There are 2 protein chains.
Amino acid sequence: MASFAPTEQRLDVTLGKYPAFPRQPAALVRLVKHLYKQIHDEANAMLRPYGLNHPEYNILMMMYGTPDTAMNPSQLTEAAGEKSANVTRLTNELCQKGLIARTGSDGDRRKVTLTLTPAAIALIESFLPDITALLKRQTGHLDSTEQADLERLLKKMVEGFPA
Amino acid sequence: MASFAPTEQRLDVTLGKYPAFPRQPAALVRLVKHLYKQIHDEANAMLRPYGLNHPEYNILMMMYGTPDTAMNPSQLTEAAGEKSANVTRLTNELCQKGLIARTGSDGDRRKVTLTLTPAAIALIESFLPDITALLKRQTGHLDSTEQADLERLLKKMVEGFPA
DNA sequence: AGTATATAGTTCAGTTCTGAATTATCAATA
DNA sequence: TATTGATAATTCAGAACTGAACTATATACT
C-alpha cells in the first residue's frame with residue numbers, strides 16, 4: 001500500500017459528481033487514516049520479534065512514561081487512546097506475559113493499579129533503539145520545522161473534537 | 001476521549017528516562033493515532049442510522065468516486081487503504097446488503113469487477129449531506145490555509161513510507 | 001441515614017481485521 | 001511448448017476490537 005494518489009483521484013471524481021462535497025476535509029481525513037494504517041503496520045512488524053503488537057507496546061510505553069510506571073486503567077484509556085474494554089483486554093494479555101502487575105488501589109476500592117514488572121522495563125529498554133530508529137524513519141521525510149508545524153496543526157485539529 | 005495532554009505528558013517523562021527518545025516523531029505518530037480513532041468513532045456514529053459502518057462507507061465512496069462506479073478489489077485495496085482480505089469481507093457484506101454487484105472481468109479471468117447498485121447510489125446521495133457536515137465539522141478548527149498546509153505536510157509524511 | 005446518581009473496571013457476545021495459505025490465471029522465460 | 005514466477009482474489013482460523021450490560025464502590029442529594 002503506497003501512495004495516496006489512488007485515493008485522491010476518487011475524491012476528485014466525487015467532487016465532480018457532488019459539488020458540495022468537501023474535498024479538502026475528506027482528503028485530510030483520508031490522509032490521517034492512510035498514515036495510521038502505515039504506522040500501525042510498520043510498528044507491528046518491528047515489534048513482532050519482541051513478542052508484542054502495536055497496541056500492547058502503546059500501553060507499555062504510556063506506563064513507562066510515568067515517574068513510577070503505575071497507572072489506573074482509566075488513565076491508560078486516556079493516555080493510550082484505547083477503549084476501556086480494550087485496555088482491560090490488553091492489560092490482561094500483558095499480565096499473562098508477566099509484563100504488568102495488577103493490584104488494588106488504596107483509598108478507592110474501585111480502582112486498580114497497573115505497574116510494569118522489571119521484565120517489562122528490560123523489554124522496553126531492549127526495544128527502545130529499534131523504536132527510536134523506526135520513529136525517526138517514519139517522520140524523516142519532514143525537516144524539524146515541518147515536524148513542528150505538523151504537530152501544531154494536528155493538535156489544532158484534535159482541539160475540534162469533543163472532550 | 002478528549003485531549004492529547006495525557007499522552008503528551010507520558011512522552012515528556014519518557015524523554016527524561018531515555019534521552020535518545022525521539023519525542024517529536026513519537027508525538028506525531030500518537031497524534032495521528034488519536035485523530036484516526038476520533039474520526040473513526042464519529043463516522044461510525046453518524047453512519048449507523050444508514051446501516052453502514054465507517055469501512056463500508058469508505059468502500060462505497062471510493063467506488064462512487066469513479067466515472068462508472070466500477071472497481072476491482074485490488075484497486076479498492078489501494079484506494080480505500082484496506083487489506084485485500086478485508087476488502088473481500090467488506091464487499092461480501094455490501095453485496096449481501098444489495099449495495100454492490102460482483103461480476104467477472106473481461107480479458108483477465110482472475111479479475112472481479114465490483115459496481116454500485118442503484119440502491120447504493122441512492123444511499124450515498126442520501127447520506128452525503130450528513131457526511132459533508134461531519135467532515136466540515138471535524139476540520140473546522142483549521143482555517144483554509146491551515147488545512148492546505150496540513151494536507152501538504154501529511155502528504156509529505158506519506159511519501160516517506162515504502163510503496 | 002437512606003436514596004439517587006456517577007464512576008471504575010470487567011465481562012461478554014458479536015463485530016471487525018489480519019496473515020498465511022490457497023486456487024486459478026496471467027506473464028515471462030527457456 | 002513447458003516451466004517458472006507473479007498476480008488477483010478468496011478462504012480460514014485466529015487475533016483484535018467494541019458496545020452494552022453489569023457489579024462494586026464512591027459521591028451527591030434529601
Side-chain angles (χ1 to χ4, degrees), chain A residues 1-2 6 33 36-49 51-59 70-97 100 102-114, chain B residues 1-2 6 33 36-49 51-59 70-97 100-114 163:
Chain A
M1 176 166 66
K33 176 189 197 291
Y36 174 67
K37 296 279 182 151
Q38 298 267 62
I39 287 162
H40 182 67
D41 285 351
E42 287 196 355
N44 274 330
M46 186 245 103
L47 291 160
R48 181 179 278 208
L52 294 174
N53 63 35
H54 192 207
E56 287 168 340
Y57 149 84
N58 280 334
I59 296 283
M71 286 182 95
N72 309 122
S74 306
Q75 289 173 321
L76 272 176
T77 295
E78 286 176 15
E82 296 288 349
K83 303 286 174 76
S84 61
N86 214 29
V87 164
T88 299
R89 186 184 65 83
L90 290 166
T91 53
N92 284 348
E93 187 73 25
L94 291 167
C95 262
Q96 291 225 330
K97 288 176 175 175
I100 282 190
R102 187 181 250 122
T103 58
S105 287
D106 299 333
D108 187 336
R109 304 260 302 282
R110 296 171 304 179
K111 284 193 187 283
V112 169
T113 297
L114 303 164
Chain B
M1 179 167 64
K33 176 189 195 296
Y36 174 66
K37 297 279 182 152
Q38 300 267 59
I39 289 163
H40 181 68
D41 285 350
E42 287 196 355
N44 275 330
M46 186 245 101
L47 292 160
R48 179 178 280 207
L52 293 174
N53 64 36
H54 193 207
E56 288 169 338
Y57 149 83
N58 279 334
I59 296 283
M71 286 181 95
N72 309 123
S74 304
Q75 290 173 319
L76 272 175
T77 295
E78 286 176 15
E82 296 287 351
K83 302 287 174 75
S84 59
N86 213 29
V87 164
T88 299
R89 185 184 64 83
L90 290 167
T91 53
N92 284 350
E93 186 73 27
L94 292 167
C95 263
Q96 293 225 329
K97 288 176 177 176
I100 281 189
R102 187 182 250 123
T103 57
S105 286
D106 299 334
D108 187 335
R109 303 260 304 280
R110 297 171 301 178
K111 283 193 188 282
V112 169
T113 296
L114 303 164

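Labels below follow one simple rule: chain letters A, B, ... track the order of the sequence lines, proteins then strands, and each chain is numbered from 1. Treat the numbers as computed from the prediction; the structure is a model and nothing was measured. FYI, side chains are in, hydrogens and waters are out, and symmetry mates aren't considered; it's all heavy atoms of this structure.
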Contact check, side chains of Ile39(B) and Lys33(A), non-hydrogen atoms, under 4.5 Å: no
To the nearest angstrom, how far is [X] atom [atom1] from [N] atom [atom2]?
{"X": "Asp41(B)", "N": "dG19(D)", "atom1": "CG", "atom2": "C1'", "result": "11 Å"}
{"X": "Leu47(B)", "N": "dG19(D)", "atom1": "CG", "atom2": "P", "result": "14 Å"}
{"X": "Asn44(A)", "N": "dG14(D)", "atom1": "CG", "atom2": "C1'", "result": "15 Å"}
{"X": "Glu82(B)", "N": "dA16(D)", "atom1": "CD", "atom2": "P", "result": "17 Å"}
{"X": "His54(A)", "N": "dA16(D)", "atom1": "NE2", "atom2": "P", "result": "13 Å"}
{"X": "Lys83(A)", "N": "dA20(D)", "atom1": "NZ", "atom2": "C1'", "result": "12 Å"}

Pairing donors with acceptors under 3.5 angstrom, does anything connect the side chains of Arg48(A) and Asn53(A)?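 Distance-only check fails for Arg48(A) and Asn53(A).
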Any chance the side chains of Asn86(A) and Arg89(A) put a donor and an acceptor closer than 3.5 Å?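 Looking only at side-chain atoms, Arg89(A) and Asn86(A) do form a donor-acceptor pair, the distance falling under 3.5 Å.
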Expected string for nucleotides 6-16 of chain C under the B/S/- scheme (protein heavy atoms, under 4.0 Å, primed atoms plus P, OP1, OP2 as sugar-phosphate) is -BSSBB----S
Candidate list Thr91(A), Leu114(A), Leu52(A), test side-chain contact (heavy atoms from CB on, under 4.5 Å), partner Ile59(A), passing option: Thr91(A)
Arg109(B): which residues meet the side chain to side chain donor-acceptor pair (under 3.5 Å) condition with it, sequence neighbours left out?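 Residues passing side chain to side chain donor-acceptor pair (under 3.5 Å) with Arg109(B): none at all.
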Any idea which of dT18(C), dC26(C), dA20(D) is nearest the Lys37(A) side chain?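 For the Lys37(A) side chain, the nearest candidate turns out to be dT18(C).
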Using a heavy-atom cut-off of 4.0 Å across all strands, would you classify Gly107(A) as base, sugar-phosphate, or nothing? sugar-phosphate
Can you name the side chain to side chain contact (heavy atoms under 4.5 Å, CB included) partners of Thr113(A), sequence neighbours left out?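 If we apply the side chain to side chain contact (heavy atoms under 4.5 Å, CB included) test to Thr113(A), skipping adjacent residues, the hits are Ala70(A), Asn72(A), Thr103(A), Ser105(A), Thr115(A).
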